[in-house]
Amino acid sequence: MRSLYVRSAHVWSQVEKCALRTYSQNMIDQTANLLGAVGLAVSDRILETAQTILNHSGETPAALVVIGYDQGPSNDLLRRILGLSHPGTVRLVDRLVADGLVERRKGPDNRTIALFLTDKGYSRREQLLVGRLEAIKPFLSPLDAAEQQTFDRLLHKILSSMETTDLERCSLCRLCDNRICRNCPIPADFRD
């Protein structure tokens, strides 16, 4: 009889472990699903804000932010950061120049073109960065101060655990306000 009890206990232990694994996997799936929904909601709010401020969509807002880091990126570097084709980047830069937001200058090697913001471009970039933060902040408002600190630490942990190249970090930070981000978990070098 004791042997049957031991086997039953062992089987029950295995059932509990299986149930716990299933529960854990379901929680991970649920958390991932919720994170995806929040990510889309944040992205939609940022895009809506950028469209309102710039009257352009796509990668135009990111181009303004990246060019505004004052490193004088070439068309090629901008293309790689934004993930655009060469012709797409040329059209984007042409539009920014036509709107009076960007100017082309000789690059450091006198063969390439370096991109810089005009005064109007800096003004629009500032509006965009302020608008971006204002679009994101409502997502944090349900959290109290302690929860916001915990969330900040969790975001740092997630970002710093990502194995990325410098180009990937530049792409991830293409809309970041580098004046605000202190102790960046994924520092990016926007130089060519």
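Just so it is clear, the model here is predicted, and its values are computed rather than measured.
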(message) Please give me the minimum heavy-atom distance between Leu129 and Leu175, naming the atom from each residue.
(response) CD2-O, 3.7 Å
(message) Applying a strict under-4.5 Å side-chain criterion to I, L, V, M, F, W and Y, I'd like to know whether Leu47 and Val65 cluster together.
(response) no
(message) Evaluate Arg125 against Asp177 for side chain to side chain contact (heavy atoms under 4.5 Å, CB included), listing each step before the verdict.
(response) CA-CA 10 Å; Arg125 180 182 190 264; Asp177 188 339; 5.6 Å; no
(message) Which heavy atom of Tyr69 sits nearest to which heavy atom of Cys176, and what is that distance?
(response) OH-O, 2.6 Å
(request) Using atom types as modelled and distance alone, determine if a side-chain donor or acceptor of Ser74 lies under 3.5 Å from a backbone N or O of Ala114. (result) no
(message) How long is the straight-line distance from CG of Leu155 back to OG1 of Thr150, given to the nearest 0.5 Å?
(response) 11.0 Å
(request) Quick one: closest heavy-atom pair of Pro138 and Ala135, and the distance? (result) CD-O, 3.5 Å
(message) Can a donor-acceptor pair be found, under 3.5 Å and without considering hydrogens, that links the side chain of Arg79 to the backbone of Ser85?
(response) no
(request) Measure the CG-CG distance between Leu92 and Leu82 for me, rounded to the nearest 0.5 Å. (result) 6.5 Å
(request) Before giving the answer on side chain to side chain contact (heavy atoms under 4.5 Å, CB included), spell out for Arg124 and Leu128 the whole-Å C-alpha distance, their side-chain angles and the decisive distance to 0.1 Å. (result) CA-CA 6 Å; Arg124 287 287 174 84; Leu128 179 64; over 6 Å; no
(message) For residues 50-67, which residue pairs pass the side chain to side chain donor-acceptor pair (under 3.5 Å) check, not counting sequence neighbours?
(response) His56-Asp99, Glu59-Arg174, Thr60-Arg95
(request) With rounding to the nearest 0.5 Å, note down the distance linking SG in Cys173 to CG in Leu159. (result) 8.0 Å
(request) Can you sort out the partners of Arg91 under salt bridge (Lys or Arg N to Asp or Glu O under 4.0 Å), two or more places apart, ordered by chain and number? (result) none
(request) Tell me, with the steps shown, if Arg45 and Glu48 meet salt bridge (Lys or Arg N to Asp or Glu O under 4.0 Å). (result) CA-CA 5 Å; Arg45 291 285 304 271; Glu48 180 182 307; 5.1 Å; no
(message) With side chain to side chain contact (heavy atoms under 4.5 Å, CB included) as the criterion, how do Asn75 and Ile113 come out once you've worked through the C-alpha distance, each side chain's angles and the decisive distance to 0.1 Å?
(response) CA-CA 7 Å; Asn75 274 1; Ile113 299 295; 5.6 Å; no
(request) Report yes or no: does Ser43 contribute a side-chain atom to a donor-acceptor pair with the main-chain N or O of Gly39 at less than 3.5 Å? (result) no
(request) For the pair Ser171 (side chain) and Leu167 (backbone), establish whether a donor and an acceptor sit closer than 3.5 Å, ignoring hydrogens and angles. (result) no
(message) Using the side chain to side chain contact (heavy atoms under 4.5 Å, CB included) definition, which of the options Leu96, Leu77, Val66, Leu78 pairs with Leu115?
(response) Leu78
(request) Measure the CG-CG distance between Asp152 and Leu143 for me, rounded to the nearest 0.5 Å. (result) 11.5 Å
(request) Please round to the nearest 0.5 Å and tell me the distance separating atom CG of Leu117 and atom CD of Glu103. (result) 9.0 Å
(message) Does Phe151, at its CZ atom, have more than 12 non-hydrogen atoms belonging to other residues, nucleotides or ligands within less than 6.0 Å?
(response) no
(request) List the steps and the verdict of side chain to side chain contact (heavy atoms under 4.5 Å, CB included) for Thr118 and Val102. (result) CA-CA 5 Å; Thr118 63; Val102 170; 5.8 Å; no
(message) Just verifying a value: how many Å separate Thr49 OG1 and Gln127 CD, rounded to the nearest 0.5 Å?
(response) 12.0 Å
(message) Main chain of Phe116, side chain of Arg105: is a donor-acceptor contact present, judged purely on distance under 3.5 Å?
(response) no
(request) Answer yes or no: does atom CG of Asp119 have more than 12 heavy-atom neighbours from other residues, nucleotides or ligands under 6.0 Å? (result) no
(request) Please go through Leu133's hydrophobic cluster and name the other residues, only I, L, V, M, F, W, Y counting, with side-chain heavy atoms under 4.5 Å joining them. (result) Ile180
(request) Please name the pair of heavy atoms, one in Asp144 and one in Ala146, separated by the smallest distance, quoted to 0.1 Å. (result) OD1-N, 3.1 Å
(message) According to a hydrophobic-cluster definition based on side-chain heavy atoms being under 4.5 Å apart (Ile, Leu, Val, Met, Phe, Trp, Tyr only), do Ile46 and Val38 belong together?
(response) yes
